[in-house]
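Chain naming here is simple, since letters A, B, ... match the order of the sequence lines and numbering starts at 1 in each.
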Amino acid sequence: MNFPENNSPPKMLSKEWYLQEDVTIAAKSLLGKVLVTELNGLKTSGIIVETEAYNGIHDKACHAYGGKRTPRTEVMYYRGGVAYVYLCYGIHHLFNIITNKEDIPDAVLIRAIQPVHEVQTLLERRKMIKLKPTLTAGPGVLSSALGIKTELSGITLSPDSGIWVEDHGVSFSEDEIQSGPRVGVSYAAEDALLPWRFSVKGNKWVSPSK
DNA sequence: CATAGGATCGCCT
DNA sequence: GGCGATCCTATGT
């Protein structure tokens with residue numbers, strides 16, 4: 001596998017980490033971080049291997065484009081470090097990490113994870129028998145596998161709230177990161193072409209390209 | 001109040 | 001590759 005060995009103990013991302021101003025840098029440095037949920041007594045996790053950056057009010061693909069505020073998007077304006085979860089196509093709960101200062105609605109969509117621990121629980125939630133990349137390759141299916149639902153939207157990422165991100169000392173250099181256009185945002189005119197989808201090159205847990 | 005459509009997925013051909 | 005599922009959200013009357 002293409003993850004370096006490391007012996008550093010897991011640590012939480014700091015509150016300050018989420019306040020960084022360049023959401024594309026945040027999206028890239030989230031690759032290799034570990035997304036953990038502990039819900040109903042079940043602890044599950046995976047390594048983030050694919051993300052997309054959404055650049056606040058200037059980004060036509062962003063739900064907060066033009067400064068739009070609605071009950072759904074209000075949490076995007078919170079100070080960085082909260083979850084933004086919304087229902088897509090009536091079925092899928094898509095999980096985002098809000099970054100940047102209060103009132104600047106940047107978000108990173110988590111698009112794929114590599115399962116590590118408690119794979120059996122992930123499989124059960126997905127009603128799957130065999131371990132395959134479709135378990136967690138895609139924003140809808142990874143939320144399903146980790147038990148993430150829209151009711152978590154607006155919650156602060158921390159063990160107290162049942163969902164958080166750990167730093168296990170893994171990060172990737174530019175030449176280990178694949179960049180490309182974001183998926184499913186053709187309505188966003190010229191912003192649809194921005195190369196703001198990021199993934200770990202050659203990793204089999206990344207979602208299929210379109 | 002009515003309605004259109006979505007940062008997707010899985011099953012079907 | 002094509003399409004239906006499924007329901008919340010945003011928008012317009």
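Whole-Å rounding puts the A/Glu52 CD to B/dT8 C1' distance at 12 Å. Whole-Å rounding puts the A/Arg197 CZ to B/dT8 C1' distance at 13 Å. Note: CG (A/Leu87) to C1' (C/dA10) measures 14 Å, nearest angstrom. Rounded to whole Å, atom C1' of B/dG6 lies 8 Å from atom OH of A/Tyr86. Atom NZ of A/Lys127 is separated from atom P of B/dC9 by 17 Å (rounded to the nearest Å). Note: NE2 (A/His93) to C1' (B/dC9) measures 13 Å, nearest angstrom. Computed from coordinates, the A/Tyr84 OH to B/dA7 C1' distance equals 9 Å when rounded to whole Å.
Nearer the 5' end of DNA chain B, as judged by each residue's closest nucleotide, is the contact made by A/Ala61, out of A/Ala61 and A/Met128.
The CD atom of A/Glu38 lies 11.0 Å from the OG atom of A/Ser161; values are rounded to the nearest 0.5 Å. Interatomic distance, NZ of A/Lys28 versus CG of A/Asp22, reported as 7.5 Å (0.5 Å rounding).
Side-chain nitrogen and oxygen atoms of A/Tyr89 include none within less than 4.0 Å of the OP1 or OP2 phosphate oxygen of C/dG4. Between A/Arg126 and B/dC9, a side-chain N or O to OP1/OP2 separation shorter than 4.0 Å is absent. Note on A/His63: a side-chain N or O is less than 4.0 Å away from OP1 or OP2 of B/dA7.
Side-chain proximity of A/Val141 to B/dC9, C/dA10, B/dT8: nearest is B/dC9. Out of C/dT9, B/dC9, B/dA7, the shortest distance to the side chain of A/Thr70 is found at C/dT9.
In this structure B/dA7 sits in no base pair that meets the Watson-Crick or G-U test at under 3.5 Å.
Within the 4.0 angstrom heavy-atom criterion, base atoms lie near A/Ile91. Counting any heavy atom pair closer than 4.0 Å across all strands shown, A/Arg72 reaches sugar-phosphate atoms only and no base atom. In this structure, A/Leu109 reaches the bases: a heavy-atom distance under 4.0 Å links it to at least one base atom across the strands shown.
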Handout entry: Stepwise side-chain hydrogen bond (donor to acceptor under 3.5 Å, both in side chains) check, A/Thr121 with A/Glu124
Key = CA-CA 5 Å; A/Thr121 301; A/Glu124 282 165 17; 5.1 Å; no
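Side-chain contact check for A/Thr70 and A/Thr73: at least one donor-acceptor pair (N or O, by modelled atom type) lies under 3.5 Å.
The only member of A/Val82, A/Ile98, A/Ile57 that meets side chain to side chain contact (heavy atoms under 4.5 Å, CB included) when paired with A/Met76 is A/Ile98.
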